[in-house]
2 protein chains.
Amino acid sequence: MAQPKLGDVAARAGVSPTTVSRVLNNRGYLSQKTRDKVFAAIRELGYRPNAIARSLQERRSHIIGLIFPTVAHPFYGEMVYRLESRLANAGYRVILCNSDEQPELEHRYLDMLFAHQVDGIITGSHSQAVAQLPQVQAPLVAIDRPETGPYPNIRSDNYAGTRQATEHLIGTGARRILHITSTLSEQNLRQRGYADALTAAGLSPDFLELGFHESSEHQRNMLYEYLDAHRGAQPVEAVFASNDTYASLALAWAQSRRVQVPEEFQVIGFDGTDTVHTLLPELASVVQPIEALAERAVRRLTEAIAAETEEDAEPADARGGEDILPVTLRLGGTVRPARG
Amino acid sequence: MAQPKLGDVAARAGVSPTTVSRVLNNRGYLSQKTRDKVFAAIRELGYRPNAIARSLQERRSHIIGLIFPTVAHPFYGEMVYRLESRLANAGYRVILCNSDEQPELEHRYLDMLFAHQVDGIITGSHSQAVAQLPQVQAPLVAIDRPETGPYPNIRSDNYAGTRQATEHLIGTGARRILHITSTLSEQNLRQRGYADALTAAGLSPDFLELGFHESSEHQRNMLYEYLDAHRGAQPVEAVFASNDTYASLALAWAQSRRVQVPEEFQVIGFDGTDTVHTLLPELASVVQPIEALAERAVRRLTEAIAAETEEDAEPADARGGEDILPVTLRLGGTVRPARG
DNA sequence: CTGAAAGCGCTAACAA
DNA sequence: TTGTTAGCGCTTTCAG
């Protein structure tokens, strides 16, 4: 016999399929004797319930879809790790989707997830506005996405973080402070925090856009070119990068040009993952609370799923809205202390 | 009406469910007129097939389980990213499991995956010998695991890589070369390559075991303590680490002690992920061919699945055995060139 | 406390 | 070229 099924267990134990199901799910009244018989049969046959059949009947898959640009990136890697661990503890399995920031891929992944009857979705891909998604048929929670419309959005306090970091740099006496980012946009809160801090201090913002899909080599060249070109009368004194990878490029530039850090050149990054912190312990960074973001996202999602299941007029205030979690500025050897 | 089902489409199009199914799967002879009617009905109703029901019927889930210690680690993050992308292209979805190197967790994940009727499993967790797994009911491919028994094992040439790296260090004139590893063991091929290279040169191996579950802080302290304690007459001249994270700790030590790299102290790591290479471009490292490993693992797995489906006496030589892929030694600013 | 029968949404014989 | 019937493996009324 191939995989034994519930009916085989029933036959072997001399009871009905219903009873086996009851034992399995611990539902209703069962005599201890029946229980024992059934468990014995299960063991003897090496029976394992078929989750697919169960899902079909229950109309719940206990699966959550995760859509992120790529787990090859430390921030998303740590985030997905945290999300998966928490969801597993809550009894969910996770289907992983690397969208690569390609809208079309993201679309296909969404279709696939719905086809698989996922109980919910957590997405951190930026490739398109969530609000414009087709009819979503399961609770969805976004992590740091723009324009999430009716869906909850969990994110770090990007504005406060960048503003604080930039103000620190200004406080050290730096005047020419460059912001490196992947995509320039009015919506970009990290960019806004930086710009507002500079403007408030009477300084003028400078941006360098490196792009998400550019190769690491190309990004490096762009940055080196920029920094080299400005080494004249008004050299860049500090870089505030919208992620730690960009910050590390600036650091590498300084090292290769023998520019002293932090005396002549300061650097602050963004994200503050464990991975980067271990590899580059001196890098100053705005630290996102990854664990807290994951915890909140999972909580919001499981609550939404519960609300949907109960059916009793889902409380409208549980949906939509933004959860903004505080970041911390971690100083390090790549910045100077603020002047007294 | 909630989600429309296949029957609803049939009713709307004025045909039988079978016909709708045929149109959906493009099977058998269909008149163009019927096709059009059905497609129209599908569009009008916004119908989407239920993958769960399909899986139950087909007895195939089109899902692959991935078990790795943690995608928060750059090596596994990049590996999982690559595996997922390739599997998605091949029409599979991926359930992600972070085993954290805990045997019990891994066990539970395996049970869960089998319950979900996965078509196959790729595992890179080291937490227990695959050979001792309970009856595995789907094709399984291992990536760099010890003792995989009857299952294919895909791995880098750990021995050649470590041997080559160690010999390079010896060639630069280094005599006291420390090997940092997570777990000392006779089976450990990275350790063996290192030890054999030293022995062949008449030098004596030195090991430092840092453990996998220790905190990054603790690991750092252990290493610093060791290196500080040996700064007397016979200081450690070079470190060969079994992964790049450990290598970065050694680098940080040198920097904090003002020990010149590579003049007084050399470092080579292992893995050579894109992430680490971007963050620490000067770090020399034995580079694993992650893309090739992923490609091979997916190929082996899909072949095994195909073989199982065909049922025709699976060719025994397709199962088991090791695929060993070549590594490359990437030199960098943390090592000296070999002496003429 | 236990069982019989119906059905979750889809596909695969077998007819027509 | 299309429809009827049965069934994938499980749970759930509803009876007993």
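Quantities reported herein were computed from a predicted structural model and do not represent experimental measurements. A, B, ... follow the sequence lines: proteins, then strands. Residue 1 opens every chain.
- Among residues at least two apart or in separate chains, there is no salt bridge (charged side-chain N to carboxylate O under 4.0 Å, His left out) pair with a member in residues 15-34 of chain B.
- Taking the charged nitrogens against the carboxylate oxygens, A:E295 and A:R86 have no contact shorter than 4.0 Å, which rules out a salt bridge.
- Under 4.0 angstrom from either OP1 or OP2 of C:dT2 there lies at least one side-chain N or O belonging to A:T34.
- Checked for salt-bridge contact, A:D323 and A:R155 miss the test: no charged N lies under 4.0 Å from a carboxylate O.
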**Prompt:** Where along nucleotides 9-16 of chain C does protein come under 4.0 Å, by heavy atom, of base (B) or sugar-phosphate alone (S), with - for untouched nucleotides?
**Reply:** BBBBBB--

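- For B:K37 and D:dT2, the NZ to P distance is 7 Å, given to the nearest whole Å.
- For CD of B:E104, the number of neighbouring non-hydrogen atoms (other residues, nucleotides, ligands) closer than 6.0 Å is 12 at most.
- One finds a salt bridge joining A:E106 and A:R145 here, because a Lys/Arg side-chain nitrogen approaches an Asp/Glu carboxylate oxygen to under 4.0 Å.
- The CZ atom of A:R35 sits 14 Å away from the C1' atom of C:dT2 (whole-angstrom rounding).
- Note on A:S55: nothing from the nucleic acid sits closer than 4.0 angstrom, heavy atoms only.
- For A:S16 and C:dT2, the shortest distance from a side-chain N or O to OP1 or OP2 is not below 4.0 Å.
- A salt bridge links B:R48 to A:D111: one of the charged nitrogens lies within less than 4.0 Å of a carboxylate oxygen.
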